[in-house]
Amino acid sequence: MLRLILDSFPGLAAYVNRDFRYEFTNRTYEDWFGAGTDFTGKTVEEVAGEAIWQGVRPLLERAFSGEKVAFETRHEYRADLVRDVETSYIPDIDEHGSVQGVVVLIMDVTARKAAEQATRQSE
C-alpha cells in the first residue's frame with residue numbers, strides 16, 4: 001500500500017541509508033534518473049552523478065546528524081532534464097535517538113519559477 005501511495009505522489013520520494021545507498025525510490029524518482037530503473041542498493045552518487053552529489057552530500061550529512069534540511073536549487077539531471085526543485089531531507093530517527101536513514105522528498109518547481117521570472121520581467 002505504501003508503494004502505491006508513494007508511486008502516486010507527484011514528486012520524487014526516496015529513502016537513503018547511512019551508507020548513502022537507496023533502499024527505496026518511487027516511480028517518479030526512477031523516471032527522472034533512469035527510465036524506470038530500480039536503484040535499490042546504489043549510492044546517491046551513482047544515481048545522481050558527481051555534480052549533484054557534491055552539492056547534496058553536505059546537506060545529507062546534516063540530515064544524518066538529526067537535522068531536517070530543506071533547500072531549493074536547480075539541477076541538471078540529464079542533458080534534456082534541467083529542473084528547479086524544492087528538496088527536503090527528513091531524518092528517520094529510531095527510539096534511541098539514532099538516525100537510521102533519511103527520507104528524501106523532491107518537488108519540481110520549474111513552472112512556478114518560470115512564472116515568477118516572467119512576472120518580475122513584466123513589472
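If you read the sequence from its start, that first residue is 1, and numbering goes on from there. Just so you know, these numbers use all the heavy atoms, side chains as well, and skip hydrogens, waters and symmetry mates.
- With sequence neighbours excluded, no residue forms a salt bridge (charged side-chain N to carboxylate O under 4.0 Å, His left out) with Glu23.
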Report all side-chain donor-acceptor pairs from residues 96-109 shorter than 3.5 Å, counting only partners two or more places apart or in another chain.
unit_1, atom_1, unit_2, atom_2, d
Gln100, NE2, Asp94, OD2, 2.9
Asp108, OD1, Thr110, N, 2.9
Asp108, OD1, Thr110, OG1, 2.6
Asp108, OD2, Arg83, NE, 3.1

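- Within the model, atoms CG of Asn17 and CZ of Phe24 stand 14.5 Å from one another, a figure rounded to the nearest 0.5 Å.
- Within the structure, the ring-ring contact (aromatic ring centres under 6.0 Å, His included) test picks out no pair touching residues 102-123 (sequence neighbours left out).
- Not one N or O on the side chain of Arg74 forms a donor-acceptor pair closer than 3.5 Å with the backbone of Asp84.
- Among all heavy-atom pairs drawn from Thr25 and Ala14, the shortest one is CG2-CB, 3.9 Å.
- Side-chain atoms of Asp19 never come within 3.5 Å of backbone atoms of Thr43 as a donor-acceptor pair (strictly under, hydrogens ignored).
- You'll find the side chain of Glu67 stays beyond 4.5 Å of the side chain of Pro91, heavy atoms only.
- Relative orientation of the Phe20 and Phe64 rings is perpendicular, given thresholds of 30° and 60° on the angle between their planes.
- Sorted by first and then second residue, the ring-ring contact (aromatic ring centres under 6.0 Å, His included) pairs with a member in residues 98-123 form an empty list; sequence neighbours excluded.
- Under the side-chain hydrogen bond (donor to acceptor under 3.5 Å, both in side chains) criterion, Thr40 pairs with Asp38, sequence neighbours left out.
- Phe39 and Tyr22 get closest at one heavy-atom pair: O-CB, 3.5 Å.
- For Arg18, there are no salt bridge (charged side-chain N to carboxylate O under 4.0 Å, His left out) partners two or more places apart in sequence or in a different chain.
- Among residues two or more places apart in sequence or in another chain, the side-chain hydrogen bond (donor to acceptor under 3.5 Å, both in side chains) test is passed with Tyr15 by Asp92.
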Solution key, residues 50-59 side-chain donor-acceptor pairs under 3.5 Å, sequence neighbours excluded:
unit_1, atom_1, unit_2, atom_2, d
Glu50, OE2, Gln54, NE2, 2.6
Arg57, NE, Glu61, OE2, 2.9

